[in-house]
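The structure presented is a predicted model; accordingly, all values stated were derived computationally and were not measured. Below, each value reflects all heavy atoms present in this structure, side chains not excepted, and no hydrogens, waters or symmetry copies.
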Amino acid sequence: MEGRDIADETAGPGRTFNLRPFAKRAGGTAEAPEERPPRTKPKHRRKKRKIAALGLVVAVLATTAFVVGSVFYASVDLPEELDAALSQGSTVYFSDGTTVMGELAAEQRTSVDLDEIADDLEHAVVAAEDANFYTHPGVDAKGVLRAIVNNVKGGDQQGASTLTQQYVGLVADIRGDGSYLRKAREAAMAMKMEEAFSKDQILNHYLNIVYFGRGAYGVEAAAQEFFGRSAADLSTSQSALLVAQIKSPDGPYDPRDPYGKGGSVEDATERWNYVLDQMVVTGDLDQVKRGAITELPETLDPTNDGDGLGPEGFVTNGFVLQELAKAGISTDEVLRGGFDITTTLDADLQELAVDQTGIREVAAADANVAAALTAIEPGTGRVLAYYGGENGAGLDLADDVGHRPGTMFNTVVAAAAVESGIDIWSPELDGSSPQTFATYLDEEGEPKELVNVGGASDDEISLSEAVHQKLDTPVYAVAEQLGGAAIAKAAADLGIDRMWDPHDVDEHGVAAEVAAGDDTVKFMPDIGIGAYPITTLDAASMHATLAAGGNAAEPFFVESVAGPDGQVYEADPKSTEAVAAGVAAEAASTLSPNTWESREHFNVTMNASSTWHAGFTEGLSLAVWAGDETKEGDGSSHTGTVAEAIWWKVMDGRPDRFYPDDPKVADRLGEAQTEPWEVPPPEDEQAEQDAAQLEDADAKEEAALEEAGAETEGGIDEPTDGAETPTEDSSEWPWD
């Protein structure tokens, strides 16, 4: 049967089966046939079903997202006024809250049409900020995906905001919100704006509102601020540098760094090159022309007061912005926020100090001289009047520059001596002149003679009387005994923050600025005779501490800030006991109290040198510097000076509210106010004898002056050299 086909009766006619024999194993045993695996569904069918299921999920999610997105999109409205943010300047007031001192950013906005803007600037801003501006519907999907990938990979954070998004974010004032909801709102508003306005209209709006730095909003103001020309006249190079500012205004890309934010020529050049290169990429700048642009364009010096800020500019555009920045209110917020800023400056006192004393005419009369003034309220630190020069955007002579205080600084030595336990009333010092000291050296390191002002001399004198008479030789002897570090510490305690070290001068002749409280600085004994320059702001603060019985307060200029939604900032002045009341009283007693009958109800205390006049009364500490510092230390008198004349005009004409008997002064200063100008009562018999000797010495000095024909009845503001005291209308000043 092997190999046969047999008919299968069950198969039906004509059907056969081919029967194959079983294969035999070795040994003759037949092997069972292999079992076939069970039949299964193909893999590609399972994959199709999974894809279909996933597609269904995606469709559901997409539908849900579309519905939610549509509802959200419909709920977002464009701002009613697209240019509302163009009128948000802040106003700065004097302390009365009504007298305007200045405006911030109001003069820095000028809207122009697109045809009044250089084409290169339009091209530059599109190339650098939104290369797909003319093709996207308000949101750049590719840019968003690129930013997401970059952020996930840990690269620099990117926002992918288009120009339209940036604009609506600024107008709606939501740019400070970093949430995804903000981004969604911004995107919806941008797409709606694209439906309502043309690309050119959007670009025009953007260029009129965006902040470029230096207080300039909009391209026209920025072109004037940076280059002194209109936006229509900007070159390709200038356009690129302006656009470079948009990424970080008032930041690293301003080569002149006007706000001290770390701007540099190197960083500015790098960003400027990037903008130019992007213009080549977008086809808006020919490669050959690009290759010819190699040097960063020159910008205007922002310290030149082109806007005529005047003396108050140091306050409005300087101290106000600095203090608010420390309080968490940025310059950008101030310039755009519509704030009402009330300062501490008294309108009447400021007008008196600046416009009625002749201080503004000092520099005009002689190019080699200048003047500065600061008035502070003792016990609180409120700055009541301030003059740093005519150019409120330039060099501040009241705070940026130090001036050698000379004999005015002797008071600090008295304070340091009292603090260290030295008896300042004992007449055991050698006040003869000239003298030499082991530490008072010339440029070759050899001892040089120290001469008292006017050649005055006294063989036996106390430190108190030496300070009172402005005798440098006995004061220097005590300074040498105490050491420069102890005197610097006393200065810091009294409120002097900064000095300039005359022994550390660079190749340009500029002395190094040092902190008075820095114990790593090697202060020399000549600090005691005023060799280290200080500012009028610090000098007024020092005398305010003496006036407040040793209580020091940090000077400040901003009283309060109110925004559209109410109060956002209020000063909280505090004073601390910097030196003991007894130390402050003894140091203050070395100054000259007013005793002349021609000036009633003054009770003022005075301190002076050949270029300084300072002092205080209850409620007012005043420091004035005026002169040519090259004359400091040449033996000139501390009386009959311009600084003295200015000082007395302020004290003579100050408003009634600054007089001691005004109850407002007592209410404001409270328990902090003392009477430091009264000499402490003698504690023993020796002290009584010392006081009697001082009184006798004063009487002898006055008699000697009268015998010499000196005029003493009218006070120290009457020159002793025969010169007439300048009047308000006089342009003649008695320089010594």
Nearest heavy-atom neighbours spanning [X] and [Y]:
| X | Y | answer |
| --- | --- | --- |
| S90 | G338 | OG-N, 3.7 Å |
| V210 | I246 | CG2-CG2, 4.0 Å |
| V383 | T344 | O-OG1, 2.6 Å |
| R382 | P573 | NH2-CG, 3.8 Å |
| V568 | G563 | CG1-N, 4.3 Å |
| A539 | I534 | CB-CD1, 4.1 Å |

Do any N or O atoms from the side chain of [X] and from the backbone of [Y] form a donor-acceptor pair under 3.5 angstrom?
| X | Y | answer |
| --- | --- | --- |
| T282 | M279 | yes |
| N132 | T135 | no |
| S541 | L537 | no |
| Q238 | S235 | yes |
| Q278 | A128 | no |
| Q201 | S198 | yes |
| W625 | L373 | no |
| H403 | A626 | no |
| Q245 | G213 | no |
| N204 | L114 | yes |

Might you work through the side-chain hydrogen bond (donor to acceptor under 3.5 Å, both in side chains) test for Y386 and D396, ending with a clear yes or no?
CA-CA 10 Å; Y386 193 85; D396 185 353; 2.5 Å; yes
Is the shortest side-chain heavy-atom distance between [X] and [Y] below 4.5 Å?
| X | Y | value |
| --- | --- | --- |
| F339 | L324 | no |
| P311 | R360 | yes |
| Y167 | M193 | yes |
| K289 | L276 | no |
| D538 | D399 | no |
| R271 | K247 | yes |
| M101 | Y93 | no |
| L242 | F226 | yes |

First locate atom [atom1] of [X], then atom [atom2] of [Y], and finally report the distance between them rounded to the nearest 0.5 Å.
| X | Y | atom1 | atom2 | value |
| --- | --- | --- | --- | --- |
| L321 | L335 | CG | CG | 6.5 Å |
| I202 | L207 | CD1 | CG | 12.0 Å |
| Y387 | T374 | OH | OG1 | 12.0 Å |
| T162 | H136 | OG1 | NE2 | 4.5 Å |
| M499 | T535 | CE | OG1 | 10.0 Å |
| Y569 | E559 | OH | CD | 8.5 Å |

Check step by step if side-chain hydrogen bond (donor to acceptor under 3.5 Å, both in side chains) holds for E194 and T164.
CA-CA 8 Å; E194 293 271 355; T164 314; 2.8 Å; yes
Intermediate values then yes/no, side-chain contact (heavy atoms from CB on, under 4.5 Å), V320 and V315:
CA-CA 6 Å; V320 166; V315 179; 4.1 Å; yes
Of the options D284, L285, V125, T236, which is the one that meets D120 in a side-chain contact (heavy atoms from CB on, under 4.5 Å)?
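Result for side-chain contact (heavy atoms from CB on, under 4.5 Å) with D120: T236.
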Given L384 and L345, is the side-chain contact (heavy atoms from CB on, under 4.5 Å) satisfied, shown in steps?
CA-CA 4 Å; L384 303 172; L345 267 67; over 6 Å; no
Is it the case that [X] and [Y] place a side-chain donor and acceptor less than 3.5 Å from each other?
| X | Y | result |
| --- | --- | --- |
| E116 | S230 | no |
| Y217 | D332 | yes |
| R256 | S264 | no |
| D250 | Y211 | yes |
| T91 | E103 | yes |
| S330 | E333 | yes |

Picking from F556, F314, F557, what satisfies ring pair (Phe, Tyr, Trp, His ring centres under 6.0 Å) with F319?
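The ring pair (Phe, Tyr, Trp, His ring centres under 6.0 Å) with F319 is passed solely by F557 among F556, F314, F557.
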Does Q567 CD have over 12 foreign heavy atoms under 6.0 Å away?
yes
Assess the residue pair D96 and T342 against the criterion (side-chain contact (heavy atoms from CB on, under 4.5 Å)); give the C-alpha distance rounded to whole Å, side-chain angles, the decisive distance to 0.1 Å, and a yes or no.
CA-CA 8 Å; D96 57 14; T342 302; over 6 Å; no
With sequence neighbours left out, what residues match S248 under side-chain contact (heavy atoms from CB on, under 4.5 Å)?
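Per chain and number, S248 pairs via side-chain contact (heavy atoms from CB on, under 4.5 Å) with P252, Y253.
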Can you sort out the partners of E513 under side-chain contact (heavy atoms from CB on, under 4.5 Å), two or more places apart, ordered by chain and number?
R498, W500
Who passes side-chain hydrogen bond (donor to acceptor under 3.5 Å, both in side chains) against [X], sequence neighbours left out?
| X | result |
| --- | --- |
| D572 | K574 |
| N273 | R290 |
| Q350 | E312 |
| D400 | none |

Step by step, work out the side-chain contact (heavy atoms from CB on, under 4.5 Å) result for I293 and W272.
CA-CA 11 Å; I293 304 175; W272 171 73; 3.4 Å; yes
